[in-house]
Amino acid sequence: MTKKEKEKRQLKYNAPKGIHDILPPDIYLWQKIEKISKNLFEKYGYQEIRTPIIEHTDIFIRSIGEETDIVEKEMYTFLDRAGRSLTLRPEGTASVVRSFVEHNLNTLPTPQKFYYVGPMFRYERPQKGRFRQFYQIGVEAFGEKGPLIDAEVIAMLVNFLNLIGCENVNIELNSIGCETCRPLFKKELINFFSNKLSNLCTDCQRRHKTNPLRILDCKVDGCIENRQGAPMISRYLCENCTVHFEELKNLLNNLNIPYTLNPELVRGLDYYTKTTFEATSNQLGAQKAVAAGGRYDKLVEEFGGPPTSAIGFAIGLERIITLTKEKLTIQYPDPLFFIATIGKEAEMKGLILAENLRQKGYYVEIHYGNASLKSQLRKADRINAKVVLIIGDEELKSGKIKWKNLYTKEQGDVDINAVVSIVS
RNA sequence: GUGGGCGUAGUUCAAUGGUUAGAGCACUGGACUGUGGCUCCAGUUGUUGGGGGUUCGAAUCCCCUCGCCCACCCCA
């Protein structure tokens with residue numbers, strides 16, 4: 001092998017770490033799930049919104065929070081040629097809120113409800129259910145502050161999970177308070193842990209200063225032990241938040257939607273207020289959340305818009321796929337016709353016939369180039385074609401072509417202009 | 001960022017440190033001159049992830065590196 005050939009071989013590229021191709025036949029599963037979600041969400045009045053994949057870095061820092069892991073170490077951030085700091089979106093809500101404010105969508109009748117599908121990017125170490133480019137289906141509803149829409153949004157998520165056959169998915173529910181009650185709770189938490197600091201992991205010692213709520217979510221044994229008896233947010237919720245949460249639980253009960261209260265459910269994004277929820281599965285390994293969301297009543301204001309309550313959730317598509325891969329049956333598009341030809345003139349006739357049939361709406365495959373009739377039929381069989389149309393010398397002379405139904409083995413002759421009659 | 005496991009043909013996997021690294025599937029062709037699936041036959045496919053070392057001899061042992069997977073962390 002020459003040096004040049006050697007170098008050429010080494011140019012075999014692969015996708016960047018944690019970033020994957022989605023190929024057939026898997027893509028049919030993706031399309032099916034996207035279609036199901038779209039159909040369902042539209043029944044609830046959600047409309048598709050497409051926001052850019054790249055945004056100004058600031059909007060993620062402002063919304064997700066400066067002290068979160070996502071912003072601190074997981075964003076794909078770069079300078080454009082004019083020196084602006086841009087970031088590949090690590091989540092979808094920030095963009096939708098930015099768009100909502102930028103286009104004054106608050107002037108439209110409330111509530112405004114949107115859904116989106118697309119890739120998100122986080123620079124993390126890949127593992128089961130966690131990727132650097134991953135896909136989310138998300139929804140966001142703006143302009144309703146009452147618990148009715150919280151219940152409706154959760155119901156919509158549950159319906160979606162049922163429709164795609166996700167079993168054993170548990171809805172975990174919590175309220176993390178609002179700007180009235182959370183500061184008090186934070187203060188109590190800091191007090192509670194201040195004489196236990198040496199027993200906490202180093203991360204939690206840091207969190208004690210930066211974001212004490214996260215200590216409640218830590219998985220280190222020592223931290224789990226030491227948070228026994230820690231203050232619960234439920235006891236510190238203000239009147240407003242308490243009523244909201246109680247009403248939501250009551251609504252869910254009346255909708256017969258099962259849920260588990262998880263007072264330790266703390267979301268990793270700082271913008272959440274009041275209601276937070278997560279759909280988790282025990283069949284996913286360590287990354288068990290298939291969907292998560294909550295209310296974010298201050299974020300629109302944070303982005304310079306008018307006070308606007310909002311709520312939303314995002315579904316992790318790869319995780320959904322691993323849960324439904326064995327269960328959802330997908331229909332491959334099988335060709336109705338396969339055109340086998342013998343000889344140059346037949347090839348041309350075959351191509352023309354294929355075009356005519358396709359214009360009538362049929363899925364037609366042809367054989368490209370010369371091969372024995374045997375191998376052409378073998379190929380038709382392999383790709384699951386239903387009817388083979390054979391064009392050779394005999395057929396060119398008579399103007400009739402031979403057809404064979406590979407499913408029933410029936411065969412016969414038909415006028416080249418009446419092929420459709422075989423299948424009608 | 002930290003740990004653990006694994007890298008052999010397109011794919012699934014074999015090969016005690018010892019001939020020329022094999023097999024199933026897949027692909028192509030033939031048996032069957034213009035009729036698929038089943039069967040049989042033949043053919044194609046490899047810097048054993050890469051680099052270095054030990055050895056008479058390395059896919060196998062050692063070191064480095066890259067990649068994948070899993071877990072921690074974090075999250076969807």
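Chain naming here is simple, since letters A, B, ... match the order of the sequence lines and numbering starts at 1 in each. Just so it is clear, the values below take in all heavy atoms, side chains as well, and ignore hydrogens, waters and symmetry mates.
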Between B:C69 atom P and A:R132 atom CZ, what is the distance in whole Å? 11 Å
Does B:U33 have its OP1 or OP2 closer than 4.0 Å to a side-chain nitrogen or oxygen of A:S372? no
Contact class for A:F131 vs. all strands (heavy atom < 4.0 Å): base, sugar-phosphate, or nothing? base
Considering only nitrogen or oxygen atoms on both sides, find all protein atoms under 3.5 Å from nucleotides 64-67 of chain B and state each distance.
none

So, using ring pair (Phe, Tyr, Trp, His ring centres under 6.0 Å) as the criterion, who are the partners of A:F160 when residues are at least two apart? none
Output the rounded distance in Å from CG (A:L161) to P (B:A76). 15 Å
What's the closest nucleotide to the side chain of A:Q136 if the choices are B:C72, B:A76, B:G36? B:A76
What nitrogen or oxygen pairs link the protein and nucleotides 1-9 of chain B at under 3.5 Å?
residue : atom : partner : partner atom : Å
B:U2    : O4   : A:R125  : NH1          : 2.5

Can you run down the side-chain hydrogen bond (donor to acceptor under 3.5 Å, both in side chains) pairs that involve residues 157-169 of chain A, sequence neighbours left out, and say none if there aren't any? A:Y44-A:N159
For atom CD of A:E410 and atom C1' of B:U35, their distance in whole Å: 15 Å
So what does the secondary structure string of RNA chain B come out as, 5' to 3', with Watson-Crick or wobble pairs under 3.5 angstrom, [ ] for crossing and | for pairs with another strand? (((((((..((((....[...)))).(((((.......))))).....(((((..]....))))))))))))....
So what does A:E394 hit on the nucleic acid, given a heavy-atom distance under 4.0 Å: a base, only sugar-phosphate, or nothing? base
Please identify each residue that fulfils side chain to side chain contact (heavy atoms under 4.5 Å, CB included) with A:F78, with sequence neighbours left out. A:I54, A:L86, A:L88
Nearest-angstrom distance, C1' atom, B:U39 to B:G17: 42 Å
Per-pair distances, 0.1 Å, donor-acceptor, side chain in residues 393-402 of chain A, under 3.5 Å, sequence neighbours excluded:
residue : atom : partner : partner atom : Å
A:E394  : OE1  : A:K402  : NZ           : 3.4
A:E395  : OE1  : A:G392  : N            : 2.7
A:S398  : OG   : A:E394  : O            : 3.2
A:S398  : OG   : A:K400  : N            : 3.2
A:S398  : OG   : A:K400  : O            : 3.4

Would you mind writing out the side-chain donor-acceptor pairs for residues 139-158 of chain A within the sub-3.5 Å range, not counting sequence neighbours?
residue : atom : partner : partner atom : Å
A:E140  : OE1  : A:Y296  : OH           : 2.5
A:E140  : OE2  : A:T93   : OG1          : 2.8
A:E140  : OE2  : A:Y116  : OH           : 3.4
A:D150  : OD1  : A:R295  : NE           : 3.1
A:D150  : OD1  : A:R295  : NH2          : 2.5
A:D150  : OD2  : A:H244  : NE2          : 2.8
A:D150  : OD2  : A:T275  : OG1          : 2.7
A:D150  : OD2  : A:R295  : NE           : 3.1

Return the set of residues passing side chain to side chain contact (heavy atoms under 4.5 Å, CB included) with A:E66 (not counting sequence neighbours), or none when no residue passes. A:I61
Measure all distances between protein nitrogen or oxygen atoms and nitrogen or oxygen atoms of nucleotides 37-40 of chain B, and list the pairs falling under 3.5 Å.
residue : atom : partner : partner atom : Å
B:G37   : O4'  : A:D381  : OD2          : 3.0
B:G37   : O6   : A:K409  : NZ           : 3.0

Partner set under side chain to side chain donor-acceptor pair (under 3.5 Å) for A:Y363, not counting sequence neighbours: A:E365
Could you check how far CD of A:Q287 sits from P of B:C69, rounded to whole Å? 13 Å
Look for any protein N or O under 3.5 Å of an N or O in nucleotides 25-27 of chain B and output each such pair with its distance, or none.
residue : atom : partner : partner atom : Å
B:C27   : OP1  : A:R382  : NE           : 2.2
B:C27   : OP1  : A:R382  : NH1          : 3.1
B:C27   : OP1  : A:R382  : NH2          : 2.7
B:C27   : OP2  : A:R382  : NH1          : 3.0

